Amino acid sequence: MRAGKLDNDVLNKLVLDKLKRTREEVVCSPKVGVDCAAINFGGAIAVFSTDPITSATANLGGLTVHVSCNDAAAAGAEPIGLLITILAPTSATEEDIGTLADELAKAAEEANVDIIGGHTEVTNAVTRLVTSATVIARSINDKPILPSGMKPGNSIVLTKSAGIEGASIIAHDLTDRVQSLSKAEIETAKSFSELVSVVKEGVYAAKHGATAMHDVTEGGVLGAIWEMASASDCGVQVSVSLIPIHPVTSKICDIVGVNPMRLISSGCMLIACDNGEELCKGLERIGVDATVIGHATADKRIMCDGNEIEPPQADELYRLFD
């Protein structure tokens with residue numbers, strides 16, 4: 001099988017269709033495009049999500065913390081604690097594990113979240129350090145905000161710019177592939193790793209009218225748009241010309257031959273809401289760049305510049321590590 005996420009139809013057939021909901025406390029069950037679970041503990045809504053980090057080595061600790069917290073924020077929940085598993089190859093050193101722990105601790109402090117447990121193991125099942133984190137979060141509202149909440153007529157807002165996580169990973173881990181960039185451009189791309197958290201915008205949008213949110217991870221912006229539209233059972237009209245992309249990201253993608261719209265983009269959040277321009281102004285007041293890139297429609301066609309958006313496949317990044 002190819003590296004990356006399973007195709008959505010395969011995921012449904014092999015995994016999701018086999019899972020049954022039997023507990024009334026569970027208010028959000030597994031579904032394509034829905035990254036979080038939610039449980040009602042007698043009036044208090046707890047949100048949970050889990051994610052591995054398998055495609056990066058630089059800033060592994062920061063990505064581990066922020067990617068999981070992002071899933072919770074996309075559900076309109078405030079991250080409280082993390083459970084983290086570390087799998088280290090037999091070639092790893094004590095220094096490697098200690099450095100990773102330092103990164104985890106630093107990122108957790110930045111995210112205002114506690115690491116409350118987990119597991120650390122050396123195993124020949126992996127060839128490089130791999131982490132997996134589970135976040136426990138508290139819903140800001142009386143129910144979670146889900147990717148399935150988008151309605152026809154909603155504005156679609158994107159925070160930050162497409163492909164920033166992928167550009168950072170390439171600059172850190174595949175520097176030899178982008179040597180034609182200037183030193184300043186490489187350092188700029190590496191600095192994108194500092195932008196991967198979407199907790200600030202998720203919490204703000206949850207309090208200011210978001211109907212649906214989805215953090216942009218594997219599959220990039222177009223993949224996330226497809227997932228949110230599919231989960232919401234409505235259509236979308238977006239334009240690539242409206243999707244912001246940093247010039248350095250664009251250069252990197254041209255050099256290595258990947259599509260920035262299909263490149264892993266933690267740090268970007270898709271937000272559906274009634275008034276996108278107003279939400280963008282509010283986000284900008286708290287220091288988050290945001291752009292209206294399109295709107296939801298009733299005809300159920302998921303479109304970009306007049307062409308139908310295909311379901312997400314393996315992220316562009318995986319092609320570079322083949």
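What you see is a predicted model; the values in this text were computed from it and never measured.
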Apply the test side-chain contact (heavy atoms from CB on, under 4.5 Å) to residues Asn40 and Lys143: give CA-CA distance (whole Å), side-chain angles for both, the deciding distance (0.1 Å), then the verdict. CA-CA 9 Å; Asn40 187 336; Lys143 59 182 179 180; over 6 Å; no

Any side-chain heavy atom of [X] within less than 4.5 Å of one from [Y]?
| X | Y | value |
| --- | --- | --- |
| Pro144 | Ile45 | yes |
| Ile84 | Ser132 | no |
| Leu100 | Ile97 | no |
| Cys304 | Val240 | yes |

Walk me through it: do Thr297 and Cys234 pass the test side-chain contact (heavy atoms from CB on, under 4.5 Å)? CA-CA 6 Å; Thr297 65; Cys234 65; over 6 Å; no

Do Ser239 and Asp305 have a side chain donor and acceptor closer than 3.5 Å? yes

Would you say Asn124 and Thr90 are linked by a side-chain donor-acceptor pair, where the criterion is simply a distance under 3.5 Å? no

Kindly say whether [Y] contributes a backbone atom to a donor-acceptor pair with the side chain of [X] at under 3.5 angstrom?
| X | Y | answer |
| --- | --- | --- |
| Asn141 | Ala206 | yes |
| Glu165 | Ser266 | yes |
| Ser182 | Glu185 | yes |
| Ser168 | Ile164 | no |
| Ser265 | Cys268 | no |
| Lys200 | Ile286 | yes |

Looking only at heavy atoms, which two atoms of Ala162 and Pro260 are closest? And how far apart? CB-O, 4.1 Å

Report the C-alpha separation of Thr99 and Asp102 in whole Å, then their side-chain angles, then the decisive distance to 0.1 Å, and conclude whether the side-chain hydrogen bond (donor to acceptor under 3.5 Å, both in side chains) test is met. CA-CA 5 Å; Thr99 298; Asp102 289 339; 5.2 Å; no

Run Leu283 and Ile271 through side-chain contact (heavy atoms from CB on, under 4.5 Å) and show every step you take. CA-CA 11 Å; Leu283 288 169; Ile271 306 169; 4.2 Å; yes

Nearest-0.5 Å distance, NE2 of residue His295 to OG of residue Ser155: 9.0 Å

Mind checking the CG-CD spacing from Leu263 to Glu316? Nearest 0.5 Å is all I need. 7.0 Å

Go through the steps to decide whether Asp114 and Leu82 satisfy the test side-chain contact (heavy atoms from CB on, under 4.5 Å), and finish with yes or no. CA-CA 6 Å; Asp114 284 357; Leu82 286 168; over 6 Å; no

The complete set of ring pair (Phe, Tyr, Trp, His ring centres under 6.0 Å) pairs with one or both residues in residues 124-145, sequence neighbours excluded, reads none

What I want to find out is whether [X] reaches [Y] closely enough, with some N-O distance under 4.0 Å, to be called a salt bridge.
| X | Y | result |
| --- | --- | --- |
| Glu284 | Lys281 | no |
| Asp315 | Arg262 | no |
| Glu110 | Lys106 | yes |

For residues [X] and [Y]: do they belong to one hydrophobic cluster (side chain heavy atoms under 4.5 Å, members Ile, Leu, Val, Met, Phe, Trp, Tyr)?
| X | Y | result |
| --- | --- | --- |
| Leu158 | Met303 | no |
| Tyr318 | Ile53 | no |
| Val258 | Ile186 | yes |
| Leu317 | Leu60 | no |

Could you go step by step and tell me if Glu308 and Arg301 meet the salt bridge (Lys or Arg N to Asp or Glu O under 4.0 Å) rule? CA-CA 7 Å; Glu308 191 165 351; Arg301 293 188 304 161; over 6 Å; no

